[in-house]
Each structure stands twice: as C-alpha cells, then as structure tokens.
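Working notes, structure below.
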Amino acid sequence: MLTDRGAIISERMAEMMDAKVGDTITVTDSSGTERKVRVDGITEMHIGHFMFMTSGGYKHVFGEQYQSNAYMVRLKNHETSNVESRSAKLIKLDGAKGIVQNTTSKKQVATIVDLPDQIMEVLILAAELLAVVILYNLTNLNVSERIRELPTIKVLGGLGVLVYRRLKTVDMLGALKSVE
C-alpha cells in the first residue's frame, strides 16, 4: 500500500536493487544528492523501472513540496512522422530534458507480444517435420518386415517394390492429412 513515508517500485527495479518490501533503497535526485526511500510495495510492471510516491512521501524523502516536472501532450495527428517532428522541436526547448513517446512503448509491447507467436510457429513446424520423419521411418520398418514375412509378395511375382511404393504413398498421404 502506498504511504506518505515510502514508495512502491516496479519488480524489475526491485530485482536490480535486490530490494524487498520493508527494505530501504538509495536513489539519487536531480542535484546528485543520495536519498533513502523505504520500499512500501513492489508492483508488477514488465517494461521500465519505476518508483511511485505520494506527494507526502516525496516531501518526506526530498524535503520539499512536490511539483510536477512533466507534461503530457496529446497530438491530433498521430502519424509517426508528425510525432517525430514535434518531438524534435520539443526536445530543443531549454527546459526539456527528455521525451517519452507513447508510440515507442506501443512498439516495445507489440514486439514482446509477437515474439511468442513466432516461437510457436517454429515449434509447430518442427513438430510437423518430426511427425513426417517418424511416419516415414515407421513405414519403412513396417514394409521391410512385411516383405520378409509375407509369402504372398513372392506369389505376386516379386512385386514387392510396387507394394512398398504404394504403402509409402498411402502413409505419406495419411501423414499430410494428419498435419492439417
């Protein structure tokens, strides 16, 4: 729970700092002064390293009133070229130290979400190929045993090769059908 005496930090930040709930971590403010902050909680966030404080918690740690130092800008034109040109103009302003674009965060999330899909496609393809190889080998084994065991192939006039080809074809078609 967020209190006026500490902060909640992200899981990744907690891992990096080897911090647990109740521990005290050291952060550096914009003037380079190190400040001690008690960890009141750890939140699950998959992108970035964040620390959340109430305005009272900020005053307790930094000794001054909280003042917002960031602005959220929402553009009417969301095209990438417009966002980049506006960002370039804003970063040139004297008071600007950095710009975080929502489009960048969206791209990172999309990449993270799409990666498991690509991995699954590769795994499915590998499983299909393995199934075909296994069925092919089992067919070869089955037919080679049958050629030795079945005297009817000799009765057919030595057409074992023809039977062998037909069995392979039938098994391959079955394998392909099962992959669908």
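Counting begins at 1 with the first residue of the sequence.
How far NZ of Lys20 is from CD1 of Ile25: 13.0 Å, rounded to the nearest 0.5 Å. Note: Asp4 CG to Thr54 OG1 = 3.5 Å, rounded to the nearest 0.5 Å. Note that CG of Leu138 is 6.5 Å distant from CG of Leu135, once rounded to the nearest 0.5 Å. Once rounded to the nearest 0.5 Å, the distance linking OG1 of Thr111 with CG of Leu115 reads 8.5 Å.
Applying the side-chain contact (heavy atoms from CB on, under 4.5 Å) test to Leu125 and every residue at least two apart in sequence or in another chain returns Glu128, Leu129. Shown here are the side-chain contact (heavy atoms from CB on, under 4.5 Å) partners of Glu121, two or more places apart in sequence or in another chain: there are none. Annotation: side chain to side chain donor-acceptor pair (under 3.5 Å) contacts of Asp23 (sequence neighbours excluded): none. By the side-chain contact (heavy atoms from CB on, under 4.5 Å) test, Ile99 is found to be paired with Ser87, Leu90, Ile91, Gln101, residues two or more places apart in sequence or in another chain being considered. Under the rule for a side chain to side chain donor-acceptor pair (under 3.5 Å), the partners of Thr33 that lie at least two apart in sequence or sit in another chain are Ser31. Listed by chain and residue number, Tyr58 satisfy the ring pair (Phe, Tyr, Trp, His ring centres under 6.0 Å) test with Phe62 (two or more places apart in sequence, or in another chain). Among residues two or more places apart in sequence or in another chain, the side chain to side chain donor-acceptor pair (under 3.5 Å) test is passed with Gln67 by none. Thr43 pairs by the side-chain contact (heavy atoms from CB on, under 4.5 Å) definition with Ile8, Met45, Phe52, not counting sequence neighbours.
Judged as a salt bridge (Lys or Arg N to Asp or Glu O under 4.0 Å), not a single pair has a partner in residues 78-101 (not counting sequence neighbours). Here side-chain hydrogen bond (donor to acceptor under 3.5 Å, both in side chains) pairs that include residues 5-15, with residues two or more places apart or in two chains, are Arg5-His60. Residue pairs that meet the salt bridge (Lys or Arg N to Asp or Glu O under 4.0 Å) test with at least one member in residues 35-61, sequence neighbours left out, are Asp29-Arg35, Arg38-Asp40.
The two residues Val21 and Gly41 come nearest to each other via the heavy atoms CG2-CA, 3.9 Å. Residues Asn82 and Ser85 approach most closely at O-OG, 3.0 Å, considering heavy atoms. Shown here for Ala14 and Ile42, the closest heavy-atom pair between the two residues is CB-CD1, 3.7 Å.
Here Val83 is tied into one hydrophobic group with Val73, Leu75, each link being a pair of ILVMFWY side chains closer than 4.5 Å.
No more than 12 heavy atoms of other residues, nucleotides or ligands lie within 6.0 Å of CG in Asp18, so this atom counts as exposed by the packing criterion.
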